[in-house]
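Data block below; observations after.
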Amino acid sequence: MHEFVAQDREALNDIAAWTAARLSDPSAVPAYGRAGEPGTGAEPLPALASEGIGTDAAWAWVRDAVLPTAFATDHPRYLAFVGGAPTPAAVLTDAALSAASVYGGSELEAGTVVTAERAALGWLCAFLGYPAEAHGAFVSGGSLANLSALVAARHGRRTAAGAPPGVIVMSASAHASVRAAAAIMGCEVVPAGTADGRLRAADLAPVLDAHDPDDVVAVVASAGATNTGAVDALAEIAALCAEREVWLHVDAAYGGAAMLSPCHREAFAGIERADSITIDPHKWLFTPYECAAILYRDPHRARAAHRQRAEYLEAAHEAADNPADYAVHLTRRARGLPLWASLLANGTDAYVDAVEQCLTTAGYAAKQIEASPTLELATAPQLSVVLFRRTGWGAAEYEQWSQAARRSGLGLVTPTTFGDEPVLRLCFVNPRTTATDVDLLLMSLKDDLP
Ligand SMILES: *Cc1c(COP(=O)(O)O)cnc(C)c1O
């Protein structure tokens with residue numbers, strides 16, 4: 001089954017044609033953005049059996065019955081959660097990377113792939129304002145990046161009683177993955193500030209006062225809260241953390257990309273003082289899944305925390321600086337390579353333009369909502385997140401509308417909660433989302449539901 005035979009070539013040709021169609025005009029691909037109910041595709045999938053059906057037939061199932069049921073996150077009206085719209089250069093490199101069977105954990109095996117990933121990490125560090133010696137690794141997602149940062153923050157520390165520090169102080173707006181990381185680490189989470197607001201040092205100080213600094217693993221601040229787009233007051237938080245000698249982790253998984261926009265940069269002032277930063281290129285920097293980065297201002301402690309040691313790893317570790325050393329992983333996909341290739345192909349200016357395009361579209365949506373007699377902003381937009389209400393509607397109506405929009409292929413928009421109130425949420429991370437897309441969605445909210 002490892003031989004590349006005629007039917008593999010046929011499948012490859014068809015995959016190439018399908019990929020070209022998908023990348024040039026996503027809406028031309030059948031059933032694009034028409035999600036079925038999960039697990040209820042038109043046809044039941046064939047059973048896995050002792051005899052195979054061949055690559056071309058298996059690909060036909062994937063193409064016709066499996067992939068079309070997914071609501072693609074690069075659909076221009078996928079505005080739920082945080083989507084992702086990869087560039088062709090990134091997608092194509094990602095596809096070739098699979099064929100190349102690169103073990104991305106060490107330089108011994110991955111060679112110049114590691115150098116290219118380092119260059120992509122360097123670009124992220126530079127625009128986030130980190131010093132030249134900052135470093136990290138690409139991981140599967142923001143969740144693993146946050147866990148890796150917190151494990152590094154705790155490494156080698158003990159309280160006076162001899163226990164590892166056990167408290168993670170987090171912005172109340174922090175992503176769910178911070179709680180998940182705390183649970184894995186056996187740590188207690190103490191929130192500071194409010195879920196919908198920006199964390200200020202004045203809210204954080206009393207929380208830190210209430211804990212022995214030796215018992216605090218880290219403070220986690222948000223730079224672009226997932227729900228609201230809010231950026232915590234990073235400069236004053238960084239100053240307070242420095243004064244208390246507490247590790248500051250800034251989660252910029254979604255929002256960090258906005259620092260490419262000169263007029264949004266200021267809101268992030270102080271992020272460069274964080275001990276570690278999470279940023280997800282698979283959200284707003286246009287790579288395919290999965291590509292997130294964990295970055296450390298001083299990578300040494302991270303390396304001490306994460307480097308795995310064993311006799312069978314010694315050969316790989318001779319070449320001292322390995323991507324495996326900076327996160328909770330060993331074998332890894334060289335996830336930074338698609339980002340590097342796309343940066344090389346498109347130039348960094350194109351990234352600035354693409355991010356600004358998303359911010360502009362978010363601004364347009366906010367304006368249209370303000371002008372509408374039936375719609376109302378729940379709060380001023382922050383970064384590219386727009387929260388709004390439909391007058392007369394509550395949670396049930398939002399849910400009904402959202403499901404109808406998904407089933408009809410109009411778009412994927414999901415409700416959330418803001419200040420204890422159900423609202424609709426739009427998050428713009430796709431530069432191909434146009435004003436017309438926004439108008440189509442907002443127009444469908446005009447009429448009362450059947
Ligand atoms: C999406 C997100 C995460 C989690 O990232 P995954 O890649 O989904 O694991 C963490 N933090 C923030 C702020 C996010 O928006």
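In each ligand, atom 1 is the first atom listed, and ligand 1 is the first ligand listed.
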> Going by the angle between their ring planes, with limits at 30° and 60°, are W123 and Y351 parallel, tilted or perpendicular?
Replying inline: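 Plane angle over 60°, so perpendicular.
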
Numbering the atoms of ligand 1 from 1, which are under 4.0 Å from a heavy atom of [X]?
X: K283; result: 1 (C), 2 (C), 3 (C), 4 (C), 5 (O), 14 (C), 15 (O)
X: S143; result: 4 (C), 5 (O), 6 (P), 9 (O)
X: H282; result: 7 (O)

>> Suppose we call two aromatic rings close when their centres sit under 6.0 Å apart. Are H75 and F71 close by that rule?
In response: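 Yes, the ring centres sit under 6.0 Å apart.
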
Where is the nearest protein heavy atom to [atom]: which residue, which atom, and how far?
atom: atom 6 (P) of ligand 1; value: G142 N, 3.2 Å
atom: atom 4 (C) of ligand 1; value: H175 CE1, 3.3 Å
atom: atom 11 (N) of ligand 1; value: D251 OD2, 2.6 Å

> For ligand 1, does S177 get within less than 4.0 Å through its side chain, its backbone, both, or neither, judged by non-hydrogen atoms?
Replying inline: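 The answer is the side chain of S177.
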
> Has the side chain of E109 got a donor or acceptor atom that lies under 3.5 Å from a matching backbone atom of S106?
Replying inline: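 Judged by distance alone, no pair lies under 3.5 Å.
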
>> Quick check against the 3.5 Å criterion: does R390 have a side-chain atom that pairs as donor or acceptor with the backbone of L445?
In response: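 Yes; judged by distance alone, with no hydrogens or angles, the pair exists.
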
>> Assess the residue pair S342 and T87 against the criterion (side chain to side chain donor-acceptor pair (under 3.5 Å)); give the C-alpha distance rounded to whole Å, side-chain angles, the decisive distance to 0.1 Å, and a yes or no.
In response: CA-CA 7 Å; S342 180; T87 63; 2.8 Å; yes

> Which pair of non-hydrogen atoms, one from G142 and one from T278, has the smallest distance, and what is that distance?
Replying inline: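 Distance-wise, the nearest heavy atoms are CA-CG2, 3.8 Å.
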
> Applying the salt bridge (Lys or Arg N to Asp or Glu O under 4.0 Å) test to R389, which of E421, E397, E370 qualifies?
Replying inline: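 By the salt bridge (Lys or Arg N to Asp or Glu O under 4.0 Å) criterion, R389 pairs with just one of E421, E397, E370: E421.
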
> Is the shortest N/O to N/O distance between S140 and ligand 1 below 3.5 Å?
Replying inline: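 In this structure, S140 places no N or O atom under 3.5 Å from an N or O of ligand 1.
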
> Does an N or O anywhere in T226 fall below 3.5 Å from an N or O of ligand 1?
Replying inline: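 In this structure, T226 places an N or O atom under 3.5 Å from an N or O of ligand 1.
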
